[in-house]
Amino acid sequence: MTSQRVCGVSDLEQDTALRVEVDGVAIAVVKDANDEIHAIGDVCTHGDISLSEGFVEGDTLECWAHGSAFSLRTGKPQTLPAYEPVPVYAVQIDGDDVLIDINVKKEN
């Protein structure tokens with residue numbers, strides 16, 4: 001499988017998550033305050049809640065339902081009640097295109 005375009009860089013708002021799907025896999029794409037773009041699994045590991053509906057603070061994405069914050073770089077939960085990480089995907093930028101290959105997990 002190759003990388004697929006999920007959105008444009010211009011489609012992303014700073015400190016806001018955008019939910020996309022790649023081959024049925026839900027992903028939260030985030031442009032942080034430093035204009036870095038991250039892609040993490042969109043489903044909170046504590047509950048079946050979309051993380052893209054949550055809050056971006058620094059380098060974390062916080063679940064709106066129970067407050068678990070996940071690192072945008074590693075996917076590891078930074079706060080309880082979640083204790084399992086979410087997957088983090090490598091992101092490629094080609095011009096204005098944000099590309100993700102769901103078979104390539106980001107190394108941390």
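Bear in mind that the values here come from a model prediction, so they are computed numbers and not experimental data. We're numbering straight along the sequence, starting at 1.
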Gap between atom [atom2] of [Y] and atom [atom1] of [X] - 0.5 Å precision:
| X | Y | atom1 | atom2 | value |
| --- | --- | --- | --- | --- |
| I100 | D23 | CD1 | CG | 11.5 Å |
| E62 | Q78 | CD | CD | 11.5 Å |
| C44 | E84 | SG | CD | 11.0 Å |
| I27 | D42 | CD1 | CG | 9.0 Å |

Are [X] and [Y] connected in the hydrophobic side-chain network, where two residues link if heavy atoms are under 4.5 Å apart?
| X | Y | value |
| --- | --- | --- |
| V86 | L80 | no |
| V43 | V88 | no |
| L18 | F55 | no |
| I49 | L72 | no |

Report yes if the side chains of [X] and [Y] come closer than 4.5 Å at any heavy-atom pair, otherwise no.
| X | Y | answer |
| --- | --- | --- |
| H46 | C63 | no |
| V25 | Y89 | yes |
| Q14 | D35 | yes |
| T74 | P85 | no |
| T45 | F70 | yes |
| V98 | I93 | yes |

Handout entry: Evaluation steps, side chain to side chain contact (heavy atoms under 4.5 Å, CB included), between V56 and E13
Key = CA-CA 11 Å; V56 178; E13 294 181 36; over 6 Å; no
What's the shortest heavy-atom distance between [X] and [Y], and which atoms?
| X | Y | answer |
| --- | --- | --- |
| L61 | A28 | CD2-CB, 3.9 Å |
| G95 | V9 | O-CG2, 4.4 Å |
| A82 | P77 | O-CB, 3.6 Å |
| A33 | D15 | N-OD1, 3.1 Å |

Answer yes or no: is there a donor N or O on one side and an acceptor on the other, between the side chain of [X] and the main chain of [Y], under 3.5 Å?
| X | Y | value |
| --- | --- | --- |
| D59 | S71 | no |
| D96 | S10 | yes |
| D97 | G8 | no |
| T79 | G67 | yes |

Exercise for the section: Please check if atom CG in D48 has more than 12 non-hydrogen atoms from other residues, nucleotides or ligands closer than 6.0 Å. Expected result: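 Not more than 12 within 6.0 Å, no.
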Handout entry: Whether over 12 other heavy atoms sit under 6.0 Å from E21 CD
Key =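 Buried by this count: over 12 neighbours within 6.0 Å.
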Exercise for the section: From the options V29, L99, D11, select the one residue that forms a side-chain contact (heavy atoms from CB on, under 4.5 Å) with V6. Expected result: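 It is V29; the other options fail the test.
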Exercise for the section: Could you tell me whether the side chains of S3 and Q92 share a donor-acceptor contact shorter than 3.5 Å? Expected result: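 Note: S3 and Q92 side chains meet the donor-acceptor criterion.
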